[in-house]
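To start, the structure under review is shown below, and the notes come after it.
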Amino acid sequence: MDRSSLFQLIQEQLDPDNTGFIAVENFTSLVEHHELQLDPSKLDMLLALVQSNEEGQVCYQELIELMSSKRSSSFRRAIANGRRTLQREILLDETGLGLYKRFVRYVAYEILPCETDRRWYFHQNRLCPPPVFIAIVTIVQIIVFMCYGIMLNKWVLQTYQPDFMKSPLVYHPGHRAQVWRFFSYMFMHVGLEQLGFNALLQLMIGVPLEMVHGILRISLLYMAGVLAGSLTVSITDMRAPVVGGSGGVYALCSAHLANVVMNWAGMRCPYKLLRMILALVCMSSEVGRAVWLRFSPPLPSSGPQPSFMAHLSGAVVGISMGLLILRSYEESLQKQCSWWVIVFSFITFLLFAIFWNIFAYDLLGVQIPPPP
């Protein structure tokens, strides 16, 4: 029985009057007498949702959303009941898995703090659509770096080369009217060390996050961190340019680390304390290196070196917007008041930054270095 036929059967037999509710006894009878083409974990969640209703009724729309794998609040209620009543072996005890399924299980334990969430993700995971956003961004960053490295014959501290700063991708305060630069700077990097650090974190953290939470949510988080990075620099470090994808990278990393801390007891990733300390040390060292290059450049330069504020603003985006996204696995963001508060705050910041870039430079008399 395909899904559309099942939906039609449920509505015709169990809710002929279109009341929007289905009696528990009727739905249980349907499950027992008809073969449902569903993953075992999804079927368990449906039964848990049915049994959790004290009024003897189940909302038809909630059942449709859950069976369609749509993000809805009913999922969280269903797994809460399933955690109390469902008796299943944990994923670590399953044997005979192929290479891809073992990787999916690894991702589930790396990202999700709840065993029922992990079981759900493991059983409903499909390779399509693949996690392409982070992979494409990383590949483009590597290609751009290789092109400029060959052209400049320089692989570290490329920002000291005048031709590097002439790139149409670099954010420079003198070119802030070219709006694409507030995003495109993420493809340029100071040197091999910054590119390697960002690419490694993107692939190690970004790809698993994209596999679990989807391309739309993770791309939104990454690009919000990138945009917040350039806008923050234009407000707080008005004479400095910006290069590197650190705004997006720090948004992903800070969101993941904050999620791990807030769900410490439920996370089952190995050596989590050691890895947490190592990640914080590496991220702090990268910020320290950026501060050093900004205020104590090791080589003579024709203008200010790239700002470090994109790192910090990316982390703020991750702790606010990113943490809510990661805590809302299989739940609708649009139905959460806190999500709209964060969206409103980000839009307010965006509008303030736009007006700041239009008027503040002239009003404050900021001496911008001549654009290359």
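None of the values given here were measured: they were computed from a predicted structure.
Of the possible polar contacts, one joining the Arg102 side chain to the Leu97 backbone as a donor-acceptor pair under 3.5 Å is found. Using modelled atom types, no side-chain atom of His189 and backbone atom of Gly191 make a donor-acceptor pair closer than 3.5 Å. Side-chain N or O atoms of Arg118 include one that pairs as donor or acceptor with a backbone N or O of Leu112 at under 3.5 Å. With hydrogens and angles ignored, the 3.5 Å screen pairs no side-chain donor or acceptor of Arg268 with any backbone N or O of Tyr109. Listed for the Arg176 side chain is a donor-acceptor partner under 3.5 Å among the backbone atoms of Pro173. Side chain of Ser284 to backbone of Val281: no donor-acceptor contact under 3.5 angstrom is found. Of the possible polar contacts, none joining the Glu193 side chain to the Val156 backbone as a donor-acceptor pair under 3.5 Å is found. When atom types are taken as modelled, the side chain of Asn263 and the backbone of Asn259 share a donor-acceptor pair closer than 3.5 angstrom. Between the side chain of His256 and the main chain of Cys253, no donor-acceptor pair closer than 3.5 Å is present.
Counting heavy atoms from C-beta on, the side chains of Asn198 and Ser246 come closer than 4.5 Å. Between Leu221 and Val317 the shortest side-chain heavy-atom distance falls below 4.5 Å. You'll find the side chain of Trp264 stays beyond 4.5 Å of the side chain of Pro113, heavy atoms only. Residues Phe187 and Val243 have side chains not in contact (no heavy-atom distance under 4.5 Å, counting atoms from C-beta outward). Put simply, the side chain of Phe308 does not reach to within 4.5 Å of the side chain of Val233, judged on heavy atoms. When side chains are defined from C-beta on, Tyr160 counts as touching Gln305, because their heavy atoms get closer than 4.5 Å. In this structure, Tyr121 and His213 have side chains that are not in contact, with every pair of non-hydrogen atoms separated by 4.5 Å or more. Inter-residue side-chain proximity for Pro241 and Met165 is flagged as met; some heavy-atom pair is nearer than 4.5 Å.
Cluster membership for Tyr329 and Val261, using ILVMFWY side-chain heavy atoms within less than 4.5 angstrom, is shared. A chain of hydrophobic side-chain contacts below 4.5 Å, direct or via other Ile, Leu, Val, Met, Phe, Trp or Tyr residues, connects Met211 to Ile215. When the side chains of ILVMFWY residues are joined at heavy-atom separations under 4.5 Å, either directly or via intervening members, Val140 and Trp180 end up in two distinct hydrophobic clusters. Note: the hydrophobic cluster containing Tyr185 does not contain Val179 (ILVMFWY, side chain heavy atoms under 4.5 Å, direct or indirect links). Linking Ile, Leu, Val, Met, Phe, Trp and Tyr whenever their side-chain heavy atoms come within less than 4.5 Å puts Phe352 and Phe346 in one cluster.
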I would like to know whether Trp340 and Phe344 meet ring pair (Phe, Tyr, Trp, His ring centres under 6.0 Å); could you show each step before the answer?
CA-CA 6 Å; Trp340 292 111; Phe344 176 77; over 10 Å; no
Checking side chain to side chain contact (heavy atoms under 4.5 Å, CB included) for the pair Leu278/Tyr271: CA distance, chi angles, key distance, verdict?
CA-CA 11 Å; Leu278 182 61; Tyr271 308 108; over 6 Å; no
Output, in order, the C-alpha distance, side-chain angles, deciding distance and verdict of salt bridge (Lys or Arg N to Asp or Glu O under 4.0 Å) for Glu210 and Arg217.
CA-CA 8 Å; Glu210 188 177 346; Arg217 292 189 173 192; over 6 Å; no
Quick one: do Val170 and Val242 satisfy side chain to side chain contact (heavy atoms under 4.5 Å, CB included)? Show the steps, please.
CA-CA 7 Å; Val170 174; Val242 189; over 6 Å; no
Test side chain to side chain contact (heavy atoms under 4.5 Å, CB included) applied to Met283 and Leu257, step by step:
CA-CA 11 Å; Met283 293 172 66; Leu257 293 180; 3.8 Å; yes
Test Gln178 against His172 for side chain to side chain contact (heavy atoms under 4.5 Å, CB included), laying out the working first.
CA-CA 9 Å; Gln178 300 174 353; His172 189 281; over 6 Å; no
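Nearest heavy atom pair, residue Gly225 against residue Ala251, reads CA-CB, 4.1 Å. Here the closest heavy-atom approach between residue Pro208 and residue Val107 is recorded as O-CG1, 3.8 Å. Closest approach of Gly206 to Ile218, counting heavy atoms only: O-CG2, 4.4 Å. When all heavy atoms of Phe183 and Leu227 are compared, the closest pair comes out as CZ-CD1, 3.7 Å. Minimum heavy-atom separation, Ser254 to Gly314: OG-O, 3.9 Å. Of all heavy-atom pairs between Leu323 and Met262, the closest is CD2-SD, 3.3 Å.
Taken from CG in Leu157 to CG in Leu192, the straight-line distance is 11.0 Å, to the nearest 0.5 Å. If you take CD1 on Ile111 and CG on Leu209, they are separated by 4.5 Å, rounding to the nearest 0.5 Å. One finds the CD1 atom of Ile347 at 12.0 Å from the CD1 atom of Ile342 (value rounded to the nearest 0.5 Å). Of the inter-residue distances, the one linking Met309 atom CE with Ile235 atom CD1 reads 9.5 Å to the nearest 0.5 angstrom. Once rounded to the nearest 0.5 Å, the distance linking CZ of Arg289 with NE2 of His311 reads 6.5 Å. How far CZ of Arg294 is from OG1 of Thr159: 11.5 Å, rounded to the nearest 0.5 Å.
Below 30°, between 30° and 60°, or above 60°: for Tyr171 and Phe182 the angle between ring planes is between 30° and 60°, a tilted geometry. Using cut-offs of 30° and 60° on the angle between ring planes, the pair Phe197 and Tyr250 is tilted.
With salt bridges taken as basic N to acidic carboxylate O contacts below 4.0 Å, none links Lys272 and Glu110.
Evaluated for a ring pair (Phe, Tyr, Trp, His ring centres under 6.0 Å) with Trp155, the options Phe164, Phe145, Tyr148 yield exactly one hit, Phe145.
For Arg239, there are no salt bridge (Lys or Arg N to Asp or Glu O under 4.0 Å) partners, not counting sequence neighbours.
A 6.0 Å sphere centred on OH of Tyr100 holds more than 12 heavy atoms belonging to other residues, nucleotides or ligands. Heavy-atom neighbours of Met146 CE from other residues, nucleotides or ligands within 6.0 Å: at or below the threshold of 12.
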Can you give each donor-acceptor pair under 3.5 Å made by side-chain atoms of residues 358-370, sequence neighbours left out, with the distance rounded to 0.1 Å?
from, atom 1, to, atom 2, distance (Å)
Tyr361, OH, Ser234, O, 2.9
Tyr361, OH, Met238, O, 3.3

